[in-house]
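These notes concern the structure reproduced below.
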Amino acid sequence: MTNKLFSIPKPNPNATLRLFCFPYAGGAPSIFMSWLNGLPAHIELVAVQLPGRGSRLMEPAHNTMSAILDELLSHQTFITQKPAVFFGHSLGSRVAYELAYQLQKTNQKTPLKLIASGSRAPHLPNSKPAFYHLPHDEFIEELKSLNGTPKEILENVELMELFLPLLRADFEVADLYQAHPHALPIPIDVLFGTDDVDVKPEQIDAWQNLSALPISKHSFNGNHFFINSCSDEVKGKVFQLISSL
(Lines give C-alpha, C1' and ligand atoms only; values in the text may rest on other atoms or scores of the structure.)
Protein backbone atom coordinates (compact mmCIF):
# COMPACT_ATOMS: atom_id res chain seq x y z
CA MET A 1 0.00 0.00 0.00
CA THR A 2 1.76 3.13 -1.21
CA ASN A 3 -1.05 5.71 -1.16
CA LYS A 4 -0.12 8.72 0.96
CA LEU A 5 -3.51 8.73 2.68
CA PHE A 6 -2.43 5.79 4.83
CA SER A 7 0.77 5.65 6.84
CA ILE A 8 1.68 2.05 7.72
CA PRO A 9 4.91 2.32 9.73
CA LYS A 10 5.20 -1.44 10.29
CA PRO A 11 3.55 -3.35 7.41
CA ASN A 12 2.19 -6.71 8.49
CA PRO A 13 0.84 -8.76 5.54
CA ASN A 14 -0.15 -11.55 7.93
CA ALA A 15 -2.25 -9.30 10.15
CA THR A 16 -5.82 -10.44 10.68
CA LEU A 17 -6.98 -7.01 11.93
CA ARG A 18 -6.25 -3.43 10.92
CA LEU A 19 -6.37 -0.59 13.44
CA PHE A 20 -7.16 2.63 11.57
CA CYS A 21 -6.12 5.68 13.64
CA PHE A 22 -7.57 9.14 12.95
CA PRO A 23 -5.68 12.04 14.57
CA TYR A 24 -7.12 15.16 16.18
CA ALA A 25 -7.32 18.55 14.46
CA GLY A 26 -3.82 19.56 13.39
CA GLY A 27 -2.51 16.08 14.21
CA ALA A 28 -0.38 13.80 12.04
CA PRO A 29 0.37 10.05 11.97
CA SER A 30 3.38 10.64 14.24
CA ILE A 31 0.93 10.75 17.18
CA PHE A 32 0.57 6.99 16.93
CA MET A 33 4.16 5.91 16.32
CA SER A 34 4.73 5.00 19.98
CA TRP A 35 1.85 2.53 19.69
CA LEU A 36 4.05 0.23 17.60
CA ASN A 37 5.79 -0.79 20.81
CA GLY A 38 3.71 -3.65 22.14
CA LEU A 39 1.37 -3.84 19.17
CA PRO A 40 -0.20 -7.33 19.15
CA ALA A 41 1.22 -9.53 16.40
CA HIS A 42 -2.09 -9.96 14.59
CA ILE A 43 -2.74 -6.21 14.23
CA GLU A 44 -1.51 -3.79 11.57
CA LEU A 45 -1.61 -0.12 12.55
CA VAL A 46 -2.77 2.24 9.79
CA ALA A 47 -2.54 5.96 10.58
CA VAL A 48 -4.75 8.15 8.42
CA GLN A 49 -2.75 11.00 6.88
CA LEU A 50 -4.99 13.67 5.40
CA PRO A 51 -3.47 16.43 3.24
CA GLY A 52 -1.67 19.32 4.92
CA ARG A 53 0.46 17.25 7.32
CA GLY A 54 3.25 14.68 7.45
CA SER A 55 4.50 13.75 3.99
CA ARG A 56 1.48 15.61 2.55
CA LEU A 57 2.43 18.91 4.16
CA MET A 58 2.37 20.91 0.93
CA GLU A 59 -1.07 19.68 -0.18
CA PRO A 60 -4.08 21.92 0.62
CA ALA A 61 -5.95 20.60 3.67
CA HIS A 62 -9.61 19.62 3.39
CA ASN A 63 -11.91 22.13 5.11
CA THR A 64 -15.18 20.14 4.97
CA MET A 65 -16.15 16.73 6.27
CA SER A 66 -17.55 15.83 2.86
CA ALA A 67 -14.14 16.41 1.25
CA ILE A 68 -12.45 14.23 3.88
CA LEU A 69 -15.01 11.47 3.33
CA ASP A 70 -14.69 11.68 -0.45
CA GLU A 71 -10.98 10.95 -0.20
CA LEU A 72 -11.41 8.18 2.36
CA LEU A 73 -14.21 6.47 0.45
CA SER A 74 -12.16 6.52 -2.74
CA HIS A 75 -10.03 3.93 -0.92
CA GLN A 76 -12.84 1.90 0.59
CA THR A 77 -11.53 -1.31 -1.01
CA PHE A 78 -8.43 -1.07 1.16
CA ILE A 79 -10.38 0.08 4.24
CA THR A 80 -12.73 -2.91 4.02
CA GLN A 81 -10.13 -5.44 2.82
CA LYS A 82 -9.59 -6.91 6.30
CA PRO A 83 -11.52 -6.80 9.57
CA ALA A 84 -10.87 -3.37 11.09
CA VAL A 85 -11.26 -1.17 14.14
CA PHE A 86 -11.52 2.62 13.85
CA PHE A 87 -9.86 4.73 16.56
CA GLY A 88 -10.10 8.51 16.55
CA HIS A 89 -9.29 11.31 18.96
CA SER A 90 -11.36 14.51 19.10
CA LEU A 91 -12.11 15.49 15.48
CA GLY A 92 -10.66 12.10 14.49
CA SER A 93 -13.47 10.38 16.43
CA ARG A 94 -16.05 12.24 14.38
CA VAL A 95 -14.29 11.44 11.09
CA ALA A 96 -14.17 7.77 12.14
CA TYR A 97 -17.90 7.77 12.99
CA GLU A 98 -18.85 9.42 9.70
CA LEU A 99 -16.73 6.94 7.72
CA ALA A 100 -18.31 3.98 9.54
CA TYR A 101 -21.76 5.45 8.91
CA GLN A 102 -21.10 5.97 5.19
CA LEU A 103 -19.79 2.41 4.84
CA GLN A 104 -22.87 1.02 6.56
CA LYS A 105 -25.18 3.27 4.55
CA THR A 106 -23.78 1.90 1.28
CA ASN A 107 -23.83 -1.73 2.45
CA GLN A 108 -20.05 -1.96 2.71
CA LYS A 109 -18.19 -3.85 5.45
CA THR A 110 -18.19 -1.77 8.63
CA PRO A 111 -15.47 -1.80 11.28
CA LEU A 112 -15.83 -4.33 14.08
CA LYS A 113 -15.97 -1.48 16.55
CA LEU A 114 -15.37 2.24 16.92
CA ILE A 115 -13.19 3.64 19.69
CA ALA A 116 -14.08 7.31 20.16
CA SER A 117 -11.59 9.27 22.24
CA GLY A 118 -11.82 12.82 23.58
CA SER A 119 -14.90 13.88 21.65
CA ARG A 120 -18.51 14.89 22.08
CA ALA A 121 -20.93 12.67 20.19
CA PRO A 122 -20.81 14.01 16.61
CA HIS A 123 -24.55 14.55 16.20
CA LEU A 124 -24.47 17.17 18.96
CA PRO A 125 -23.87 20.81 18.00
CA ASN A 126 -20.57 22.40 18.90
CA SER A 127 -21.10 24.09 22.27
CA LYS A 128 -18.15 26.44 21.77
CA PRO A 129 -18.07 29.48 19.46
CA ALA A 130 -16.39 28.82 16.11
CA PHE A 131 -12.90 30.31 15.90
CA TYR A 132 -11.38 28.99 12.66
CA HIS A 133 -12.16 32.30 10.92
CA LEU A 134 -10.69 34.63 13.57
CA PRO A 135 -7.93 37.10 12.69
CA HIS A 136 -4.38 35.80 12.98
CA ASP A 137 -3.53 36.87 16.54
CA GLU A 138 -6.90 35.86 17.99
CA PHE A 139 -6.70 32.48 16.27
CA ILE A 140 -3.24 31.90 17.77
CA GLU A 141 -4.57 32.76 21.24
CA GLU A 142 -7.37 30.22 20.85
CA LEU A 143 -4.83 27.58 19.83
CA LYS A 144 -2.78 28.33 22.93
CA SER A 145 -5.83 27.89 25.15
CA LEU A 146 -6.41 24.39 23.75
CA ASN A 147 -2.96 23.17 24.82
CA GLY A 148 -2.75 20.86 21.81
CA THR A 149 -0.23 22.67 19.62
CA PRO A 150 3.38 22.32 20.85
CA LYS A 151 4.82 25.50 22.33
CA GLU A 152 7.82 25.22 19.98
CA ILE A 153 5.47 25.59 17.01
CA LEU A 154 3.29 28.33 18.51
CA GLU A 155 6.34 30.47 19.25
CA ASN A 156 8.02 29.89 15.89
CA VAL A 157 6.70 32.43 13.38
CA GLU A 158 7.91 30.53 10.31
CA LEU A 159 6.45 27.21 11.48
CA MET A 160 3.13 28.82 12.39
CA GLU A 161 2.83 30.36 8.93
CA LEU A 162 3.42 26.89 7.50
CA PHE A 163 0.85 25.16 9.71
CA LEU A 164 -1.83 27.86 9.91
CA PRO A 165 -3.70 26.81 6.74
CA LEU A 166 -3.92 23.22 8.03
CA LEU A 167 -5.04 24.31 11.50
CA ARG A 168 -7.69 26.68 10.13
CA ALA A 169 -9.00 23.99 7.77
CA ASP A 170 -9.14 21.31 10.47
CA PHE A 171 -10.89 23.60 12.93
CA GLU A 172 -13.35 24.69 10.27
CA VAL A 173 -14.41 21.04 10.02
CA ALA A 174 -14.38 20.65 13.81
CA ASP A 175 -16.41 23.83 14.31
CA LEU A 176 -19.04 23.29 11.62
CA TYR A 177 -19.58 19.55 11.11
CA GLN A 178 -22.61 17.95 12.77
CA ALA A 179 -23.56 14.36 12.01
CA HIS A 180 -26.95 12.88 11.33
CA PRO A 181 -27.69 10.61 14.31
CA HIS A 182 -27.68 6.98 13.26
CA ALA A 183 -27.25 3.96 15.51
CA LEU A 184 -24.46 1.88 14.04
CA PRO A 185 -24.73 -1.91 14.39
CA ILE A 186 -21.33 -2.04 16.09
CA PRO A 187 -20.07 -1.39 19.63
CA ILE A 188 -18.59 1.98 20.52
CA ASP A 189 -15.99 2.40 23.27
CA VAL A 190 -15.66 5.97 24.54
CA LEU A 191 -12.44 7.28 26.09
CA PHE A 192 -12.39 10.61 27.93
CA GLY A 193 -10.22 12.77 30.17
CA THR A 194 -11.49 13.49 33.67
CA ASP A 195 -10.21 17.08 33.41
CA ASP A 196 -11.39 17.70 29.84
CA VAL A 197 -13.42 20.94 30.05
CA ASP A 198 -14.26 20.70 26.33
CA VAL A 199 -16.19 17.42 26.55
CA LYS A 200 -18.99 17.27 29.12
CA PRO A 201 -20.43 14.04 30.65
CA GLU A 202 -23.71 14.39 28.77
CA GLN A 203 -21.79 14.77 25.50
CA ILE A 204 -19.97 11.52 26.27
CA ASP A 205 -23.17 9.70 27.18
CA ALA A 206 -24.75 10.84 23.90
CA TRP A 207 -22.52 8.40 22.01
CA GLN A 208 -25.09 5.81 23.09
CA ASN A 209 -27.46 7.28 20.49
CA LEU A 210 -24.99 6.24 17.80
CA SER A 211 -24.74 2.53 18.62
CA ALA A 212 -27.38 -0.18 18.68
CA LEU A 213 -25.28 -1.87 21.38
CA PRO A 214 -24.39 -0.63 24.88
CA ILE A 215 -21.38 1.68 24.79
CA SER A 216 -18.49 1.34 27.24
CA LYS A 217 -16.81 4.36 28.85
CA HIS A 218 -13.19 4.59 30.04
CA SER A 219 -11.70 7.55 31.91
CA PHE A 220 -8.12 8.87 32.01
CA ASN A 221 -6.53 11.41 34.35
CA GLY A 222 -5.93 14.28 31.96
CA ASN A 223 -7.33 17.13 29.94
CA HIS A 224 -8.50 17.09 26.32
CA PHE A 225 -5.11 15.82 25.16
CA PHE A 226 -4.89 12.88 27.55
CA ILE A 227 -4.01 10.83 24.45
CA ASN A 228 -0.57 12.47 24.72
CA SER A 229 -0.17 12.86 28.49
CA CYS A 230 -1.47 9.33 29.16
CA SER A 231 -0.14 7.77 25.97
CA ASP A 232 0.87 4.42 27.48
CA GLU A 233 -2.42 4.05 29.36
CA VAL A 234 -4.47 4.92 26.27
CA LYS A 235 -2.47 2.51 24.12
CA GLY A 236 -2.90 -0.23 26.71
CA LYS A 237 -6.65 0.30 26.91
CA VAL A 238 -7.04 0.31 23.12
CA PHE A 239 -5.05 -2.91 22.80
CA GLN A 240 -7.15 -4.45 25.58
CA LEU A 241 -10.39 -3.45 23.83
CA ILE A 242 -9.37 -5.06 20.56
CA SER A 243 -7.23 -8.00 21.75
CA SER A 244 -10.01 -10.55 21.39
CA LEU A 245 -11.11 -9.46 17.92
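What you are looking at is a predicted structure, and each value in this text was computed from that prediction instead of being measured.
- Checked by atom type, the side-chain pair H136/E161 shows a donor-acceptor distance below 3.5 Å.
- Checking side-chain atoms of K10 against main-chain N and O of L39 turns up no donor-acceptor pair under 3.5 Å.
- Of all the heavy atoms in P51 and L166, the pair that sits closest is O-CD1, 4.2 Å.
- When the options V48, V46, I227, L19 are evaluated for a side chain to side chain contact (heavy atoms under 4.5 Å, CB included) with F32, the one that passes is I227.
- Side chains of L99 and L69 form a contact here, defined as non-hydrogen atoms less than 4.5 Å apart.
- Using modelled atom types, no side-chain atom of N63 and backbone atom of R168 make a donor-acceptor pair closer than 3.5 Å.
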*Would you check, one step at a time, whether the test side chain to side chain contact (heavy atoms under 4.5 Å, CB included) holds for N228 with Y24?*
CA-CA 11 Å; N228 294 329; Y24 48 76; 3.2 Å; yes

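- Residues L5 and L103 share a single hydrophobic cluster, defined by chaining ILVMFWY side chains whose heavy atoms lie under 4.5 Å apart.
- Q76 has its side chain out of reach of K109: every pair of non-hydrogen atoms, C-beta onward, lies at least 4.5 Å apart.
- Across all non-hydrogen atoms, the minimal contact from Q203 to S127 is NE2-OG, 3.5 Å.
- Looking at every heavy atom in both residues, I43 comes nearest to A15 through C-CB, 4.0 Å.
- For the side chain to side chain contact (heavy atoms under 4.5 Å, CB included) with F86, the qualifying choice from L114, T110, L112 is L114, the only one to do so.
- In this structure the side chain of L146 reaches within 4.5 angstrom of the side chain of F171, judged on heavy atoms.
- One distance of note links CD1 of I188 with OG of S93; it measures 10.0 Å at 0.5 Å rounding.
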*After noting the C-alpha distance and the side-chain angles of I186 and Q104, does the key distance pass the side chain to side chain contact (heavy atoms under 4.5 Å, CB included) rule?*
CA-CA 10 Å; I186 60 173; Q104 197 257 337; over 6 Å; no

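- Tracing side-chain contacts under 4.5 Å through hydrophobic residues (I, L, V, M, F, W, Y), one reaches L159 starting from L164; they form part of the same cluster.
- Looking at heavy atoms from C-beta onward, N221 lies out of side-chain contact with F226 at the 4.5 angstrom threshold.
- Pairing each heavy atom of S211 with each of P187, the nearest pair is OG-CA, 3.9 Å.
- In this structure the side chain of L176 reaches within 4.5 angstrom of the side chain of Y132, judged on heavy atoms.
- Side-chain heavy atoms closer than 4.5 Å link hydrophobic residues (I, L, V, M, F, W, Y) into clusters, and following such links, possibly through other members, connects W35 to L245.
- Of all heavy-atom pairs spanning H123 and N209, the tightest one is NE2-ND2, 3.4 Å.
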*asked:* Between Y177 and V95, does the side chain to side chain contact (heavy atoms under 4.5 Å, CB included) criterion hold? Intermediate values first, please.
replied: CA-CA 10 Å; Y177 164 73; V95 175; over 6 Å; no

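- Using a cut-off of 4.0 Å between Lys/Arg side-chain N and Asp/Glu carboxylate O, D170 and R53 are scored as salt-bridged.
- Rounded to the nearest 0.5 angstrom, Y97 OH and Q102 CD are separated by 9.0 Å.
- Under the 4.5 Å side-chain heavy-atom criterion for Ile, Leu, Val, Met, Phe, Trp and Tyr, V190 and V197 are members of distinct hydrophobic clusters.
- Looking only at distances, no side-chain donor or acceptor of E71 sits under 3.5 Å from a matching main-chain atom of S66.
- Between D205 and K217, at least one side-chain N (NZ, or NE/NH1/NH2) sits under 4.0 Å from a carboxylate O, which counts as a salt bridge.
- Counting only heavy atoms from C-beta outward, the side chains of F192 and W207 never approach each other to under 4.5 Å.
- Using a 4.5 Å heavy-atom cutoff, the side chains of E59 and K4 are in contact.
- Residue N12 holds its CG atom at 11.0 Å from CG of L36, rounded to the nearest 0.5 Å.
- Residues K82 and E44 are not paired through a salt bridge, judged by the lack of any N-O separation under 4.0 Å between the basic side chain and the carboxylate.
- Put simply, the side chain of F163 does not reach to within 4.5 Å of the side chain of N156, judged on heavy atoms.
- A single hydrophobic cluster is seen to contain both L17 and L45, as judged by linkage of ILVMFWY side chains at heavy-atom distances under 4.5 Å, directly or through other members.
- Residues I140 and M160 share a closest heavy-atom pair of CD1-CE, 3.2 Å.
- Of the residues listed (K237, Q240, K113), the one engaging D189 in a side chain to side chain donor-acceptor pair (under 3.5 Å) is K113, and it is the only one.
- To the nearest 0.5 Å, the span separating OG on S229 from NE2 on H224 amounts to 11.5 Å.
- Between the side chain of Q49 and the backbone N or O of S55 there is at least one donor-acceptor pair closer than 3.5 Å.
- Here the straight-line distance linking atom OG of S119 with atom CZ of F22 works out to 13.0 Å at 0.5 Å rounding.
- Here R18 contributes atom CZ and I8 contributes atom CD1; the two are 6.0 Å apart, rounded to the nearest 0.5 Å.
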